[in-house]
Amino acid sequence: MTMPMSDPNAWATAMNNLGMPPMGMTGQPLIPDFDPNLGMMAGITPMNPMMPGLGMVPAPLSQDVPVVKEIIHCKSCTLFPPNPNLPPPATRERPPGCKTVFVGGLPENATEQLIMEVFGQCGDITAIRKSKKNFCHIRFAEEFTVDKALFLSGYRIRLGSSTDKKDTGRLHVDFAQARDDLYEWECRQRMLAREERHRRKMEEDRLRPPSPPPIVHFSEHECSQLGDKIKDDGKFPEAVRVLLTWLERGEVNRRNANNFYSMIQSSNSHIRRLMSEKSQHEKEMEEAKDKFKTALAGILAQFEQIVSVFQAASKQKAWDHFSKAQRKNLDMWRKQAEEIRNMHNEQLMGIRREEEMEMSDDDMEDAPDSVSQAEALKEENDSLRCQLDAYRNEVELLKQEQGKNQPIRSEEDNTHSQQLSFLQQALQGMQKQLLKMRDELKQREAELEKSLEDKEQLKNQVQTLKEGLHNLQNIQAMRVSLTENIHEASVSTVVSCSQEKEGPTEKYPPSPVHSEREALLVGIISTFLHVHPFGASIEYICSYLQRLDTKINPCEVEALLSRLPCTFRQELTGVGASLEKRWNFCGFQGIKST
């Protein structure tokens, strides 16, 4: 709440509304008849905080003093403050840029005019959204008016003097989150961010060093002007920078080579000027050194006099007449003067040593003085010769420019055009060769890719064949193991049958199997033919047996099979020219007939 300090009555009234004794700025009571028990001044009616000109929420003078809420009288309603002993009403977190408040606990008979009358004194209202229930949303024009509206939270409202339940209610005011408020707040933040970026950019532009001026493009007119600028001592730095840029860009060709040469020659002529300026500055530096040395010697002489004064004062004739404090100061001053004198003396000695070293270097350089003079004369002669060449080049350029205006072309131009045509033909031939080589390279790349694909296919086929061979070897091993098992089983069966038979062996006819090897062959062949129920030719049987033993003869095998008609039977299969003799295993039928 802001009030003019020159009006003591207004200040006292504001402090009376807060329930505090009205005090001046100096601590003296403004009104002597203040009664603190009544909470107001005698003879002064209490002011309504809702009155225009006063803030809704009076700012407390101290954090320890609570805000006193009073009854607020409006035209069509009355607001009664809440119990001061109750805790303050709870509110949600304030949304950014909040201008909208939620008002709950309205009377059922409340209208928009009533809401405008109560909350319109807080500030300008832009919109009111009233619900059929007992609440509404109010949007203010400014953000600070929301705090004034929150001051009314907890007040009990009564319409007129009615005591009906529909005409009464308890207000609850809280922050509300609205899209319009958030949008305006984001727009304001973006505007502030733009202003900040603009300010930073202006600051960076202000602190950024100025960019160098642009370099003009090469032309004959600019070239002639640049030649004049290079000859000028004041414009030489800028002109030589332009010349350097043209050279780096590659603006030199056969037509303007003489112009560039003359400009470079003019740049070279500035070396003598720069050397003379350097020698002048060195001379000035030597004079400044001599002046500094002379001044330093004078300062050192004065320091010697001051030190002599302190030494004379330190003698017994004068020393005994000084007090103890004076003697202490004199001793301290003498030490400081001696230190400064020694420092300056060392500095002067260092300068003299440097001069002696320079003089010794000059003595060593005096011997080849004649040689250096001859070299200087030679350099001067070379520079003069270069200047003469530059003038000649300028004259030739002028002659060439005059010759260009004539309609008849010179022989030099003809030769130049012929050379250009030859070069163009050579360039075309090289381009054709380059295209041909590019086509050959593409063809070879395609062939290489095709060969790589064939190689990958061959690798896959070899891998497949290796896997098939491995599987075939596994199958063959299984067959061999199965044959051995069957052979062992057949041998054991034959042995057991021979042991069960009784009687002398002379009763049976001689065995068709003459040796153990033939018995093994019979077992193996029986197993093999048992696996082939449709029979097998003698060549197929022998090829299988020769894997086990290469010494087996097909005739021997066929004779052995013929001697065992009850075990093996030969049959003819096929028709006509495809007749084939096959041996079958008939041991299971033969054992029944024997």
(Q) Could you walk me through whether Cys136 and Glu112 satisfy the side chain to side chain contact (heavy atoms under 4.5 Å, CB included) test, starting with their C-alpha distance in whole Å, then the side-chain angles of each, then the deciding distance to 0.1 Å, before giving a yes or no? (A) CA-CA 9 Å; Cys136 68; Glu112 290 188 5; over 6 Å; no
Q. Are the side chain of Thr573 and the backbone N or O of Glu580 linked by a donor-acceptor pair below 3.5 Å?
A. yes
Q) Are any non-hydrogen side-chain atoms of Val103 and Ile115 less than 4.5 angstrom apart? A) no
Q | Ion pair check, Arg206 and Glu203, cut-off under 4.0 Å | A | yes
Q: State the CD-CD distance between Glu143 and Glu184, to the nearest 0.5 angstrom.
A: 9.0 Å
Q) How about Phe568 and Ser526: do any of their side-chain heavy atoms sit closer than 4.5 Å? A) yes
(Q) Are the side chains of Trp246 and Val216 in contact, using a 4.5 Å heavy-atom criterion? (A) yes
(Q) I'd like to know if Lys99 and Asp180 make a salt bridge, using a cut-off of under 4.0 Å between side-chain N and carboxylate O. (A) no
**Q.** Residues, nucleotides or ligands: over 12 heavy atoms within 6.0 Å of Met191 CE
**A.** yes
Q. Taking all atoms of both residues into account, what is the closest heavy-atom pair of Ala176 and Cys98, and its distance?
A. O-SG, 3.5 Å
Q. What distance separates Lys551 NZ from Asp549 CG, expressed to the nearest 0.5 Å?
A. 7.0 Å
Q.
Quick check: do Arg582 and His532 have side-chain heavy atoms less than 4.5 Å from each other?
A. no
Q: Spell out, as yes or no, whether a donor-acceptor pair under 3.5 Å connects the side chain of His172 to the backbone of Pro89.
A: no
Q. Is there side-chain contact between Pro95 and Leu182, with heavy atoms separated by less than 4.5 Å?
A. no
Q: Applying side chain to side chain contact (heavy atoms under 4.5 Å, CB included) between Val173 and each of Thr91, Ile138, Val146, Leu150, report the one that passes.
A: Leu150
Q) Under 4.5 Å between any side-chain heavy atoms of Thr145 and Phe119, yes or no? A) no
Q. Taking atom CD1 of Ile525 and atom OG1 of Thr567, what is their separation to the nearest 0.5 Å?
A. 11.0 Å
Q: Look at the rings of His137 and Phe135 and say which category their plane angle falls in: under 30° parallel, 30 to 60° tilted, over 60° perpendicular.
A: perpendicular
Please tabulate, for the side chains in residues 554-562, all donor-acceptor contacts under 3.5 angstrom to protein atoms that are two or more places apart in sequence or on a different chain.
residue : atom : partner : partner atom : Å
Glu556  : OE2  : Arg517  : NH1          : 3.1
Ser562  : OG   : Glu558  : O            : 2.9

Q | Distance in Å, Ser421 OG paired with Gln424 CD, rounded so as to fall on 0.5 Å steps | A | 7.0 Å
Q. How far apart are the C-alpha atoms of Ile552 and Leu521, what are their side-chain angles, what is the distance that settles it, and do they pass the side chain to side chain contact (heavy atoms under 4.5 Å, CB included) test?
A. CA-CA 10 Å; Ile552 294 176; Leu521 287 175; 3.8 Å; yes
Q. Taking atom CD of Gln546 as the centre, does the number of heavy atoms from other residues, nucleotides or ligands within less than 6.0 Å exceed 12?
A. yes
Q.
According to salt bridge (charged side-chain N to carboxylate O under 4.0 Å, His left out), who are the partners of Arg92, at least two apart in sequence or on a separate chain?
A. none
Q.
Assess the residue pair Lys148 and Phe144 against the criterion (side chain to side chain contact (heavy atoms under 4.5 Å, CB included)); give the C-alpha distance rounded to whole Å, side-chain angles, the decisive distance to 0.1 Å, and a yes or no.
A. CA-CA 7 Å; Lys148 296 181 180 181; Phe144 66 89; 4.1 Å; yes
Q: Return each pair, listed once, that meets salt bridge (charged side-chain N to carboxylate O under 4.0 Å, His left out) where at least one residue sits in residues 560-574; pairs must be two or more places apart or across chains.
A: Glu518-Arg563, Arg569-Glu571
Q. Which atoms form the tightest heavy-atom contact between Phe585 and His530, and what is the distance?
A. CB-N, 4.3 Å
Q | Exercise: identify the closest heavy-atom pair between Met263 and Cys223 | A | CE-SG, 3.6 Å
Q: Can you establish whether the number of heavy atoms outside Asp124 located under 6.0 Å from its atom CG is more than 12?
A: no
Q | Gap between atom CG of Leu243 and atom CZ of Phe260 - 0.5 Å precision | A | 6.5 Å
Q: Salt-bridge test for Arg199 and Glu196: reply yes if a basic N is under 4.0 Å from a carboxylate O, no otherwise.
A: yes
Q. Got Met116 and Gln113 here, is their nearest side-chain heavy-atom distance under 4.5 Å?
A. no
Q: Take atom CD of Glu142 as the centre, draw a 6.0 Å sphere, and report whether it contains more than 12 heavy atoms from other residues, nucleotides or ligands.
A: no
Q. Is the number of heavy atoms from other residues, nucleotides or ligands within 6.0 Å of CZ (Arg200) greater than 12?
A. no
Q: Answer yes or no: is there a donor N or O on one side and an acceptor on the other, between the side chain of Asn460 and the main chain of Glu456, under 3.5 Å?
A: yes
Q) Any idea which heavy atoms bring His221 and Ser224 closest together, and the distance? A) O-OG, 2.6 Å
Q: Answer yes or no: is there a side-chain heavy-atom contact under 4.5 Å between Val252 and Leu247?
A: yes
**Q.** Side-chain donor/acceptor of Asp181 to backbone N/O of Gln177, under 3.5 Å
**A.** no
Q: For side chain to side chain contact (heavy atoms under 4.5 Å, CB included), just list the numbers for Lys235 and Asp228, CA-CA rounded to whole Å, side-chain angles, deciding distance to a tenth of an Å, and then say yes or no.
A: CA-CA 9 Å; Lys235 299 179 180 180; Asp228 297 335; over 6 Å; no
Q | Partner set under side-chain hydrogen bond (donor to acceptor under 3.5 Å, both in side chains) for Asp205, not counting sequence neighbours | A | Lys201, Arg208
Q: Over 60° means perpendicular and under 30° means parallel, so classify the ring planes of Tyr540 and Phe528, tilted if in between.
A: perpendicular
**Q.** Closest non-hydrogen atom pair, Ile541 against Ala536
**A.** CD1-O, 3.8 Å
Q.
Could you measure the distance from the CG atom of Asn256 to the OG atom of Ser262? Nearest 0.5 Å is fine.
A. 10.0 Å
Q: List in chain and number order the residues that pass salt bridge (charged side-chain N to carboxylate O under 4.0 Å, His left out) with Asp439, two or more places apart in sequence or in another chain; answer none if no residue qualifies.
A: none
Q: Could I get the full list of side chain to side chain contact (heavy atoms under 4.5 Å, CB included) partners for Glu108, not counting sequence neighbours?
A: Asn134, Lys166
Q. So, for Leu529 and Trp583, which heavy atoms are closest and what is the spacing to 0.1 Å?
A. CD2-O, 3.4 Å
